[in-house]
A.B. asks: 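Structure incoming, see below.
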Protein chains: 2
Amino acid sequence: METPDTLPEGDFLRLDRQICFSLHAATRAFNGVYREALKELGLTYPQYLVMLVLWEHRELSVKGIGERVRLDSGTLSPLLKRLEAAGHVERRRSPEDERSVTVRLTEEGAALREKALGVPRRIAAATGLDLAELGDLRERLHALAVRLDAVGPDDLSGCA
Amino acid sequence: METPDTLPEGDFLRLDRQICFSLHAATRAFNGVYREALKELGLTYPQYLVMLVLWEHRELSVKGIGERVRLDSGTLSPLLKRLEAAGHVERRRSPEDERSVTVRLTEEGAALREKALGVPRRIAAATGLDLAELGDLRERLHALAVRLDAVGPDDLSGCA
DNA sequence: CGCGATTGAGTTGCGCACAACTTAATCGCG
DNA sequence: CGCGATTAAGTTGTGCGCAACTCAATCGCG
C-alpha cells in the first residue's frame with residue numbers, strides 16, 4: 001500500500017510529468033480553439049459558460065449560476081459585471097431576499113444565442129472526434145472531476 | 001459534411017455545454033488536488049511543471065523551458081523570477097548568446113525533488129485510476145491537444 | 001423578541017495565460 | 001561590411017481562479 005511495487009518513484013515522477021503536461025496542454029489547446037470561435041461573439045470562454053446556463057434558464061441568482069458552472073462569487077462578480085457592461089445581462093437585487101442578486105438575459109443577450117449555435121460544431125470538428133467519442137470524453141471527464149472533488153481538502157496525506 | 005444529420009443545433013449547444021463544463025470542472029478539480037499536494041513544497045502547479053523539466057535537465061534556456069511546457073515568455077518571465085526569489089533556480093544571461101537567459105537549478109531546487117517524489121502517487125490515488133488508465137488518459141489528452149493545436153488560427157470558419 | 005450564526009455578494013491580493021508591444025542581440029543577404 | 005529581418009526575453013494590460021476577507025440581510029434558537 002505504501003510501496004509502488006510496479007514502478008520506482010522516479011518513473012512515477014516521469015509519468016506525472018507526462019500527465020501534467022498532457023492535461024495542461026489539452027486544456028489550453030481547448031481554450032485556444034474556443035477563444036477563436038468565440039471571438040466574433042465577443043465572449044471569453046468562462047463568459048460563454050455563463051451564457052450557456054442563462055440561455056437555458058433566462059434568469060438565475062449569482063449563487064444559482066455558481067452552482068452550475070462551479071465558480072464562486074469572487075470569479076463571478078467581476079465576470080457578470082463585464083457581461084452587464086456588454087449589455088448581455090441585467091443584475092438587480094432580489095425583492096424577496098435582499099442578499100441575493102438576480103441575473104437575467106437582456107433581449108440582446110438572448111439574441112446572442114443564435115450566433116452561438118454554430119460554435120459547438122466548430123469545436124467538435126476541431127477535435128476530430130465524432131459524437132460518440134465526444135460523449136465518452138464528457139463522461140470520463142465528469143467522472144474524474146467528481147472523484148477529484150470528492151477527495152477534498154483532507155485525504156492526500158493518508159497514502160504516504 | 002455541413003449539416004448535422006443526427007442532431008439539431010440546439011442539442012449540439014446542450015452537448016457543448018456538457019463538454020465545456022466537464023472539461024472546465026475536471027481541469028479545476030485537478031488543479032485543486034495538485035494545489036493541495038504541492039502546498040508543502042511551496043510550489044504552484046505551473047511552477048511544478050517547470051521544476052519537473054528542470055529536474056530532468058538541470059539547466060535550460062527560457063525558450064527551452066517554454067517549448068517543453070508550452071508557455072511563452074510573458075508567462076514564464078515572472079514565474080521564473082518567483083522561482084528565483086524562492087531560491088530554487090538561478091538565471092543568468094548566456095555568454096555565447098546575450099539574448100538568451102539560462103535557468104539552472106540551485107542546490108536547494110535540486111533537493112526539492114526528493115520532497116516531490118511522493119506527489120505523483122497521491123495524485124494517482126486521488127483520481128482512483130490505475131497506471132494503465134492513467135497512461136490511456138495521457139494518450140488521449142495528448143492526441144487531442146495535438147489535433148487542437150494543429151487547427152491553429154485558420155480553419156474553424158471552413159465548416160459552417 | 002433579541003442576538004449570534006449563517007448566507008449571498010462583493011472586494012482584495014496574488015498568480016497564471018495570453019495578446020501586443022518593447023528592447024537588445026544576432027543573423028543573413030546584398 | 002552594413003542594415004533590415006529575425007529572435008529571445010521582458011513588460012503591459014486584461015481576464016480568469018481562488019483564498020481570505022468584508023458587509024449586509026436573513027435565519028433560528030432561546
A.B. asks: For B:Glu67 and D:dA8, give me the distance from atom CD to atom C1', rounded to whole Å.
C.D. replies: 11 Å
A.B. asks: Given D:dA9, C:dC16, C:dC18, which nucleotide is nearest the side-chain atoms of B:Ser61?
C.D. replies: D:dA9
A.B. asks: Do A:Arg140 and B:Asp136 meet the salt-bridge criterion of a basic N to acidic O distance under 4.0 Å?
C.D. replies: yes
A.B. asks: Would you say A:Arg91 places a side-chain N or O within less than 4.0 Å of OP1 or OP2 belonging to C:dG10?
C.D. replies: yes
A.B. asks: Classify B:Leu71 by what it touches in the nucleic acid, base, sugar-phosphate, or nothing, heavy-atom distance under 4.0 Å.
C.D. replies: sugar-phosphate
A.B. asks: Which whole-number value in Å describes the distance from B:Arg28 CZ to C:dG15 P?
C.D. replies: 20 Å
A.B. asks: Grab the CG-C1' distance between A:Leu80 and D:dC16 for me, whole Å please.
C.D. replies: 13 Å
A.B. asks: Nearest-Å distance, CG (B:Leu38) to P (C:dC14)?
C.D. replies: 21 Å
A.B. asks: What is the pairing partner of C:dA20, taking Watson-Crick or G-U wobble pairs with both distances under 3.5 Å in any strand?
C.D. replies: D:dT11
A.B. asks: Checking contacts here: which listed nucleotide (C:dC18, D:dC16, C:dT26) is nearest the side-chain heavy atoms of A:Leu79?
C.D. replies: D:dC16
A.B. asks: A:Val101 side chain: which of C:dC16, C:dA19, C:dG10 is closest?
C.D. replies: C:dG10
A.B. asks: What's the CG-P distance between B:Asp97 and D:dT6, to the nearest Å?
C.D. replies: 17 Å
A.B. asks: With respect to the phosphate group of D:dC16, does any side-chain polar atom (N or O) of A:Arg82 fall under 4.0 Å of OP1 or OP2?
C.D. replies: yes
A.B. asks: How long is the line joining CZ of B:Arg35 and P of D:dC18, in whole Å?
C.D. replies: 6 Å
A.B. asks: Between C:dT11 and A:Ser73, is there an OP1 or OP2 to side-chain N/O distance shorter than 4.0 Å?
C.D. replies: no
A.B. asks: Strictly below 4.0 Å, N to O, side chains only: are B:Glu59 and B:Arg91 in salt-bridge contact?
C.D. replies: no
A.B. asks: Atom CE of A:Met51 to atom P of D:dC16: distance rounded to whole Å?
C.D. replies: 13 Å
A.B. asks: Distance alone, cut at 3.5 Å: any donor-acceptor contact between the side chains of A:Thr27 and B:Thr27?
C.D. replies: yes
A.B. asks: So does B:Arg99 get a side-chain nitrogen or oxygen closer than 4.0 Å to the phosphate oxygens (OP1/OP2) of D:dG10?
C.D. replies: no
A.B. asks: Would you indicate, yes or no, if D:dA9 has its OP1 or OP2 atom less than 4.0 angstrom from a side-chain nitrogen or oxygen of B:Arg93?
C.D. replies: no
A.B. asks: Of all the nucleotides listed (D:dA9, C:dC18, C:dG15), which has the minimum atom distance to the side chain of B:Lys63?
C.D. replies: D:dA9
A.B. asks: Aromatic rings B:Tyr45 and B:Tyr34: how do their planes relate, parallel, tilted or perpendicular, breaks at 30° and 60°?
C.D. replies: tilted
A.B. asks: Considering only side-chain heavy atoms of A:Glu98, which listed nucleotide, D:dC18, C:dC16, D:dT26, is closest?
C.D. replies: D:dT26
A.B. asks: Across all strands, who's sitting opposite D:dG4 as a Watson-Crick or G-U wobble pair, both distances under 3.5 Å?
C.D. replies: C:dC27
A.B. asks: Side-chain N or O of B:Ser100 less than 4.0 angstrom from OP1 or OP2 on C:dA25?
C.D. replies: no
A.B. asks: Is B:Glu36 salt-bridged to B:Lys39, going by a charged N under 4.0 Å from an acidic O?
C.D. replies: yes
A.B. asks: Determine: side-chain N/O of B:His24 to OP1/OP2 of D:dG17, distance under 4.0 Å, yes or no.
C.D. replies: yes
A.B. asks: From D:dA9, C:dG10, C:dG15, pick the nucleotide closest to the side chain of A:Ser77?
C.D. replies: C:dG10
A.B. asks: When you measure from the side chain of B:Gln47, which nucleotide among D:dA9, C:dC16, C:dA25 comes out closest?
C.D. replies: C:dC16
A.B. asks: Within the pair A:Lys81 and D:dC16, is there a side-chain N or O less than 4.0 Å away from OP1 or OP2?
C.D. replies: no
A.B. asks: Atom CZ of B:Phe30 and atom OG1 of B:Thr127: how far apart are they, to the nearest 0.5 Å?
C.D. replies: 6.0 Å
A.B. asks: Can you tell me how far apart CZ (B:Arg138) and CD (B:Glu133) are? Round to the nearest 0.5 Å.
C.D. replies: 14.0 Å
A.B. asks: Report the residue (A:Thr102 or A:Ala29) whose heavy-atom-nearest nucleotide on DNA chain C is the more 5′ of the two.
C.D. replies: A:Thr102
A.B. asks: Could you state the atom-to-atom distance from CD of B:Glu96 to P of C:dA24 in whole Å?
C.D. replies: 21 Å
